[in-house]
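A note on names: the letters A, B, ... follow the listed sequences, proteins ahead of strands, and every chain is numbered from 1. All of these numbers come straight from a predicted model, not from anything done at the bench.
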There are 2 protein chains.
Amino acid sequence: MIKEKCLTCHIKSAAVGYLDETQLRILGENCAEALFRKGEVIFKQDSLSSNIIYLKDGLVKTSMEWNHKNQILNIIKAPAYLGIPTTLGDKINHYSVSSLEDSVVCFIDINTFKMLIDRNGKFAYEIIIHLCKNELKHYQRCVYRSQKHVSGLVADTLLFFSNEIYMDKTFKLPIDRGEFGDLIGTTRETVSRMLKEFHDDHLIEMKGKIVTLINPDMLTKISMSG
Amino acid sequence: MIKEKCLTCHIKSAAVGYLDETQLRILGENCAEALFRKGEVIFKQDSLSSNIIYLKDGLVKTSMEWNHKNQILNIIKAPAYLGIPTTLGDKINHYSVSSLEDSVVCFIDINTFKMLIDRNGKFAYEIIIHLCKNELKHYQRCVYRSQKHVSGLVADTLLFFSNEIYMDKTFKLPIDRGEFGDLIGTTRETVSRMLKEFHDDHLIEMKGKIVTLINPDMLTKISMSG
DNA sequence: GAAAAAACGTGACCTTTGTCACTAACTTAG
DNA sequence: CTAAGTTAGTGACAAAGGTCACGTTTTTTC
């Protein structure tokens, strides 16, 4: 039965792990699952939002547009909640989310979510922890972005994909050069030049979007020293 | 009686407003109030933390140090919670907080705080809202910082102090030029030059740290256009 | 209230990165 | 397979802002 989908779901978030059977059943009745193909927009900045989104599978980017420029705030791998801040605040999405790879997403009714926070302290606590971790990560990212040179940021990003997203020294970049620039606050051209430099210095191997880190230690050094 | 200090406190946070008498009494028994003079460090990056801090009165800055450079993350006016993310995460402070003006602060035992989240859904919800608002503000700040030119950021900052901190066109900057630079990711010298430019263009009046916004509309324009 | 220290202003110069323009390579749709 | 549309690489140049050096003003301290 569809109503039991949350009860039997094996990709539960830490928070949902604390729900009892009744609560899981209510959650199941108030959420809907959807598939987004690579490149599709899951929700868009400035539109209204009345759902919390749980990314069950896939990879997405969150981004903010301002003055015709786009900045990627974060690249998020499942499992994770998306848009808690944007939905619980004033119901207007302050940033956009789109999928970088085919992604499965659960839309959770906001009132159900609020009710769960109200009735289940452990659930609320896990949500708080999730928000806290995010905030710290973002602080870190923000400091790096404004203090490191582009070389350091490009190195950071390559290491991020290798160590945190794909767990492999060889991976396919899920973003193009322009998005790479938007992620670290620079331009398409500068990213190109930097990647070529890393390639010429034998730190990475590259065939289009396929990257292999040959000398991750050196990349780490570059990342550290700015 | 000291034990009743939270019961009778008139500067309660929205969250604490939802506590019942028993919970307020417990809170009162597990918190301590302290005064920090201007310039004092309330807590320091990399040190251990086992308290949530409620800023009852005053003005503080939060900052992160990296590679001998300092970045001010935020300037926060009472009333507000400080260091929820840093304390609920791994107990290590990931940033420092110091007072820009004499400030009164309540140290709340972390286990008491957790207990209140667990037992009072409305309290938990308010904390979540607080974290969400913070996150959105920080996203915004981060995008601005990396996309606007220095002129726009200096204008932003002057408007911020005028509109959000002091509610007055004339105010005394609580930070020196170097800190002003740390706040917007530039240097002491560049801030000096920019302020002089604004002064020469009759947008502001200045005597040392005392600033008067003469043409806030123009400053807003400069802020908007980058 | 004088000496020392901190904060500030300013000019000259240099580096990093952005911008523009153009070409090449790769993707996609028919 | 081929034309059209994307995406990427690269050179020349410009500009914003960082760095350094030094002089001045303000604040602190004794």
Proximity to DNA chain D (any heavy atom under 4.0 Å), residues of residues 191-204 of chain A only: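 Contacting residues: A:Ser192, A:Arg193, A:Lys196.
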
A correct 5'-to-3' footprint of nucleotides 23-30 of chain C, with B, S and - meaning base, sugar-phosphate only and no protein heavy atom under 4.0 Å, is --------

Which residues pass the side-chain contact (heavy atoms from CB on, under 4.5 Å) test with A:Thr186, sequence neighbours left out? A:Val150, A:Ile184, A:Thr190, A:Val191

Considering every strand and a 4.0 Å limit on heavy-atom distances, what is the contact class for B:Gly185: base, sugar-phosphate, or nothing?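 Here B:Gly185 touches the backbone only, sparing every base.
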
[X]: which residues meet the side chain to side chain donor-acceptor pair (under 3.5 Å) condition with it, sequence neighbours left out?
X	value
B:His130	none
B:Gln71	A:Ser146
A:Gln147	none

Take the C1' atoms of the five end pairs on each side of the helix from C:dG1-D:dC30 to C:dG30-D:dC1, derive the two axes, and give their angle rounded to 10 degrees.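 It comes to 60° between the two terminal axes.
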
Show me the pairs that pass salt bridge (Lys or Arg N to Asp or Glu O under 4.0 Å) and involve residues 151-169 of chain A, at least two apart or across chains.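 Sorted result for residues 151-169 of chain A: A:Lys148-A:Asp156.
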
With a 4.0 Å heavy-atom cut-off, tell me which residues in residues 148-161 of chain A come close to DNA chain C, sorted by residue number.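 Under 4.0 Å from DNA chain C: A:His149, A:Val150.
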
Counting only non-hydrogen atoms, which of residues 169-179 of chain A are less than 4.0 Å from DNA chain C? none

Terminal contacting nucleotides, 5' and 3', DNA chain D versus chain A (heavy atom, 4.0 Å):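 Reading along DNA chain D, I get D:dT7 to D:dA12.
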
ring-ring contact (aromatic ring centres under 6.0 Å, His included): which pairs involve residues 181-215 of chain A, sequence neighbours left out?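 Those involving residues 181-215 of chain A do not exist here.
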
